[in-house]
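Right, one structure below, let's go through it.
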Amino acid sequence: MALQVYNTLTRKKEPFHRKPGEPVTMYVCGPTVYKPSHIGHMVGPVIFDTVKRYLTYLGYQVTFVVNITDVDDKLINKANETKTTVKELAERMTADYHDCLKKLNVTGIDHFPKATEHIDGMIGVINGLIDKGYAYPAEGDVYFNVTQDKDYGKLCGFDPEQLEVGSRIEVSGRKKNSGDFALWKCSKPGEPSWKSPWGEGRPGWHIECTCMAISLLGKTIDIHGGGLDLKFPHHENELAQSESFTEQPFAKIWMHNGLLKMGSGKMAGSIGNVLNVADALKHVGGEALRFFVLNTQYRSPIDLGEWDPREPGNPVIPPGLESAKKSYEGFIRLFERYERITGLKSAALQAPTKVNPERTFVEPVFAEYMTRFREHMDDDFNTGGGVGVLFEMISTLNKIGDAGKLEDPSRADAKAKAAFIEGVTLFKELGQILGLFYETSKTDQLGADDKIVNGVMQLVIELRNNLRAEAKKITEKTDPTKKMLFNQTDLIRQRLGELGITLEDRPAGTTWRVG
RNA sequence: GGCCUCGUCGCCAAGUGGUAAGGCAACGGUUUGCAAAACCGUUAUUCCCCGGUUCGAAUCCGGGCGAGGCCUCCA
């Protein structure tokens, strides 16, 4: 099956219109940088980063742009409140945003254009729209006239007439129609402003995306993405003004990701249940957080479960994240097993990064997994289905490991070992398409490679195993010395456990890990 | 009031016409000195309810109930 993508514009899945090898342009609406990123801000970037990863895997040349809105009302208000400048606030919050992206392995974004760096371009677009009769200046503002755009409302399926009926907003004095929206706003004293043909002012919300998408990616982009909440008014308006300006289709495909929810409620500042990325990362790894987002098909809402941080005694993390963290440990353990079996670092394991039609597998089951994973991804980037395949692979690989006695060098089956390595390599290949398997394990972070840490751990393990060996020599089960010795070995294991270190007594020897 | 989603095991979730993936949790077993990890087994004859279409429906249609989103600057 070839790649199919759901297009909001046509409300159906369509065959992807590009052939592998061709360039693909992708534009996704980014954040307004006025406060630290919360986990909801990461959903879109993770999803579209994964879209790029899969397209790249298939051989497309993807250019991915995410804009930074660094001037608007929220920024101005926040800067005033906190006694700082819009510029300083925007720079600080942009740095926070980049840091969050990095922690979640969102590495595919090629350009982060800032609104304030494209003001001249926006003025050009607005001028063009006025010249063509789509926009009109009004007392220092400039508005887009929705009645001039014959297919206004096509993205959301809105009838422009109806928009006025249920509208919560009064027609402002300067607008001709209630649906008209600002392309340019005249500024009040003290606000950031730029010179324009209509006086001192600043751009409207939607115009920056039109201008930056067109200037960086061309008049028609392949994929335009964003959260479902942006569909209206932002994307509808962006679409209207862009196509009015260029007289060409703005985006071939519109993709909208579902939003985060908490059980039956929503995450909102007004409720006080907003979870910042930085706070979430104190309790779960970035990789587990990314996995959590990808566990669900992107168009569905992502459920964090019922959670109210204001209730005393409630967990510090929503149940959905807690559960994702535990699920994810299965991935980590498989790589730990790989390291025990091969004596190699899993981080150094090289897996293919491009699809290879000639690829063959010694174990036919891996070819099946590969196919099933690809079928899910081809079906509108169904990462949730793909994750399911990954879990089935873990189970299969563990069985191969068990049956082949791979952790016992004297009895290990060479054929099984080769199959295991082949499978883990595919596992890594598929996981990397989802942008997973990038973090250094907690054990390594603590310093498993560190001479002193490792030396101390080996010493503790050796001493404990000496006690275990002594205890095992005593055959009489009720012997008090045997009991005492085992009490000591268990105490060591328990106390290390309290420090976050788990000891595992395996046939081939005792290993330790953090977590 | 208008537009639009969604309702699959205790929780999360894939499946959108061919007879219910997977994860978490739980329980039993193998293994282990005991654990941990892993493995085996059990846990939805049924997909909110009621009708209809069909040889066949979780999937399509109609009606109901329930939850949610958007309706002019929320990712």
Side-chain angles (χ1 to χ4, degrees), chain A residues 11 28-32 37-45 69 72-74 146 153 156-159 162-169 172 175 178-182 204-206 226-234 236-237 257-261 263-269 291-292 295-297 299-306 319-320 322-330 333-334 336-337 372 376 379 382-392 394-395 398-399 401-403 407 468 471-472 474 477 482-483 485-487 489-490 493-494 497 502-507 510-511 513:
Chain A
R11 287 169 196 75
V28 173
C29 294
T32 300
S37 297
H38 65 250
I39 52 178
H41 291 114
M42 293 295 112
V43 173
T69 302
D72 96 334
D73 290 345
K74 291 194 293 272
V146 293
C156 303
F158 284 165
D159 178 353
Q162 280 184 342
L163 271 179
E164 313 216 0
V165 179
S167 177
R168 295 194 297 214
I169 298 299
S172 112
K175 290 189 198 177
S178 74
D180 292 355
F181 54 90
W205 178 32
H206 320 296
L228 209 46
D229 54 333
L230 293 180
K231 206 169 125 185
F232 192 88
H234 183 235
E236 191 71 61
N237 291 170
N257 61 271
L259 307 178
L260 230 39
K261 65 166 191 150
S264 52
K266 65 182 278 188
M267 188 167 80
F291 162 76
F292 169 74
N295 192 216
T296 305
Q297 210 282 347
R299 280 187 286 133
S300 304
I302 305 173
D303 198 352
L304 285 157
E306 299 291 347
E322 192 60 50
S323 173
K325 181 187 173 189
K326 284 186 182 155
S327 304
Y328 198 72
E329 283 168 6
R333 298 235 170 77
L334 180 70
E336 285 173 348
R337 188 165 195 183
R372 284 176 53 212
H376 279 120
D379 181 14
N382 186 352
T383 54
V387 164
V389 173
L390 252 30
F391 278 112
E392 288 180 57
I394 293 180
S395 182
N398 276 323
K399 276 177 228 174
D402 285 5
E407 271 137 315
R468 288 176 69 215
K472 282 179 186 177
I474 302 169
K477 280 186 180 171
K482 184 186 178 85
K483 259 191 152 169
L485 288 170
F486 273 133
N487 282 345
T489 64
D490 291 346
R493 189 173 58 199
Q494 188 203 325
T502 306
L503 285 190
E504 298 181 351
D505 295 320
R506 299 172 178 282
T510 301
T511 60
R513 63 179 161 88

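Lettering of chains follows the sequences in order, A, B, ..., and the numbering in each one begins at 1.
The side chain to side chain contact (heavy atoms under 4.5 Å, CB included) test applied to A:Lys483 returns no partner, not counting sequence neighbours. Remark: A:Phe292 engages no residue in a ring pair (Phe, Tyr, Trp, His ring centres under 6.0 Å) (not counting sequence neighbours).
In terms of modelled atom types and a separation under 3.5 Å, the side chain of A:Glu236 and the main chain of A:Cys156 share a donor-acceptor contact. Looking at A:Asp379, its side chain never comes within 3.5 Å of a backbone N or O of A:Asn382 through a donor-acceptor pair. No donor-acceptor distance shorter than 3.5 angstrom exists from the side chain of A:Lys261 to the backbone of A:Asp303, with no hydrogens or angles considered.
Going from atom OG1 of A:Thr510 over to atom CZ of A:Arg468 covers 5.0 Å, rounded to the nearest 0.5 Å.
When Watson-Crick and G-U wobble pairs are counted only if both distances are under 3.5 Å, B:C9 pairs with no nucleotide at all. The pairing partner recorded for B:U45 is none, the criterion being a Watson-Crick or G-U wobble arrangement whose two distances lie under 3.5 angstrom. Within the shown strands, nothing qualifies as a pairing partner of B:A20 under the Watson-Crick or G-U definition with both distances less than 3.5 Å. With a 3.5 Å ceiling on both atom-pair distances, the Watson-Crick or G-U wobble partner of B:G68 is B:C4. Pair assignment for B:A36: none, as no Watson-Crick or G-U wobble contacts are both less than 3.5 Å. Using the Watson-Crick or G-U wobble rule with both distances under 3.5 Å, B:C60 pairs with B:G52. In this structure, B:C73 forms no base pair with any nucleotide, since neither Watson-Crick nor G-U wobble geometry is met with both distances under 3.5 Å.
Residue order along RNA chain B, read from the 5' end via each residue's closest nucleotide, puts A:Lys231 first among A:Thr502 and A:Lys231. The residue among A:Pro301 and A:Arg333 whose nearest nucleotide of RNA chain B is located toward the 5' end is A:Pro301.
Set against B:C39, B:A75, B:G33, the side chain of A:Asn398 has B:C39 as its closest nucleotide. Closest approach to the A:Lys74 side chain among B:G23, B:C73, B:C40 is made by B:C73 (side chain taken as heavy atoms from C-beta onward). Of all nucleotides listed (B:C12, B:C24, B:C70), B:C70 comes nearest to the side chain of A:Phe232. Relative to the side chain of A:Asp402, the nucleotides B:A38, B:A21, B:G23 differ in distance, and B:A38 lies closest. Taking only side-chain atoms of A:Arg372, from C-beta outward, the nucleotide of B:A21, B:U72, B:C34 with the closest atom is B:A21. The side chain of A:Ser327 approaches B:G23 more closely than any other nucleotide in the set B:G23, B:C74, B:G15. Comparing B:A13, B:C39, B:A36 against the side chain of A:Asp303 picks out B:A13 as the nearest. The A:Phe391 side chain lies nearest to B:G23 when the options are B:G23, B:A75, B:U72. Of all nucleotides listed (B:A75, B:A14, B:A38), B:A14 comes nearest to the side chain of A:Ser300. Among B:U72, B:C73, B:A37, the nucleotide with an atom closest to any side-chain atom of A:Trp205 is B:C73.
For the P atom pair drawn from B:G22 and B:A44, the interatomic distance equals 13 Å after rounding to whole Å. Only the C1' atoms considered, B:A58 is 10 Å distant from B:G17, to the nearest whole Å. For the P atoms, the distance linking B:C48 with B:C12 amounts to 14 Å, nearest Å. Comparing B:U5 with B:G10, their C1' atoms sit 26 Å apart, to the nearest whole Å. B:C74 and B:G68 are spaced 15 Å apart, taking the C1' atom of each and rounding to whole Å. Annotation: B:U8 and B:U16 have their C1' atoms spaced 12 Å apart (nearest Å). Look at the P atom in both B:G29 and B:A36: the space between them is 14 Å, to the nearest Å. Rounded to whole Å, the P atom of B:U30 lies 11 Å from the corresponding atom of B:A35.
The distance from atom NZ of A:Lys483 to atom P of B:C34 is 14 Å, rounded to the nearest whole Å. Distance, A:Lys261 NZ to B:A75 C1': 17 Å, rounded to whole Å. Atom-to-atom, CD1 of A:Ile302 to P of B:A67 comes out at 23 Å; the value is rounded to the nearest Å. Taking atom NE2 of residue A:His234 and atom P of nucleotide B:C73, one finds them 12 Å apart after rounding to whole Å.
Residue-level contact check: A:Leu503 touches the bases, meaning some heavy atom is under 4.0 Å from a base atom. When heavy atoms are screened at a 4.0 angstrom cut-off, A:Gly320 is found touching no nucleic acid atom at all. Using a 4.0 Å heavy-atom criterion, one finds that A:Gly227 contacts the sugar-phosphate atoms exclusively. When heavy atoms are screened at a 4.0 angstrom cut-off, A:Gln297 is found touching the sugar-phosphate backbone but no base atom. As judged by a 4.0 angstrom heavy-atom cut-off over every strand, A:Ser395 is placed among residues touching the sugar-phosphate backbone only. Base engagement by A:Phe486 is indicated by at least one non-hydrogen atom pair under 4.0 Å involving a base atom. At the heavy-atom level, A:His38 lies under 4.0 Å from base atoms of the strands shown. The residue A:Glu504 sits close to a base: some heavy atom pair falls under 4.0 Å. Across all strands shown, A:Arg11 has no heavy atoms under 4.0 Å from either base or sugar-phosphate atoms. Heavy atoms of A:Leu228 sit nowhere under 4.0 angstrom from any nucleic acid atom.
In this structure the side chain of A:Asp505 reaches within 4.5 angstrom of the side chain of A:Arg493, judged on heavy atoms. Between A:Ser327 and A:Phe291 the shortest side-chain heavy-atom distance falls below 4.5 Å.
Side-chain nitrogen and oxygen atoms of A:Asn382 include at least one within less than 4.0 Å of the OP1 or OP2 phosphate oxygen of B:G15. Under 4.0 angstrom from either OP1 or OP2 of B:C24 there lies no side-chain N or O belonging to A:Lys326. For the pair A:Lys399 and B:C40, the criterion of a side-chain N or O lying under 4.0 Å from OP1 or OP2 is met.
Interface remark: the A:Asp490 side chain does form a donor-acceptor pair with the B:G33 base, using a distance-only criterion of under 3.5 Å. Contact of A:Arg493 with B:A35 (side chain to base): a donor-acceptor pair of N or O atoms is detected under 3.5 Å.
A salt bridge does not link A:Lys399 with A:Asp402: every distance from a Lys NZ or Arg NE/NH1/NH2 to an Asp or Glu carboxylate oxygen is 4.0 Å or more.
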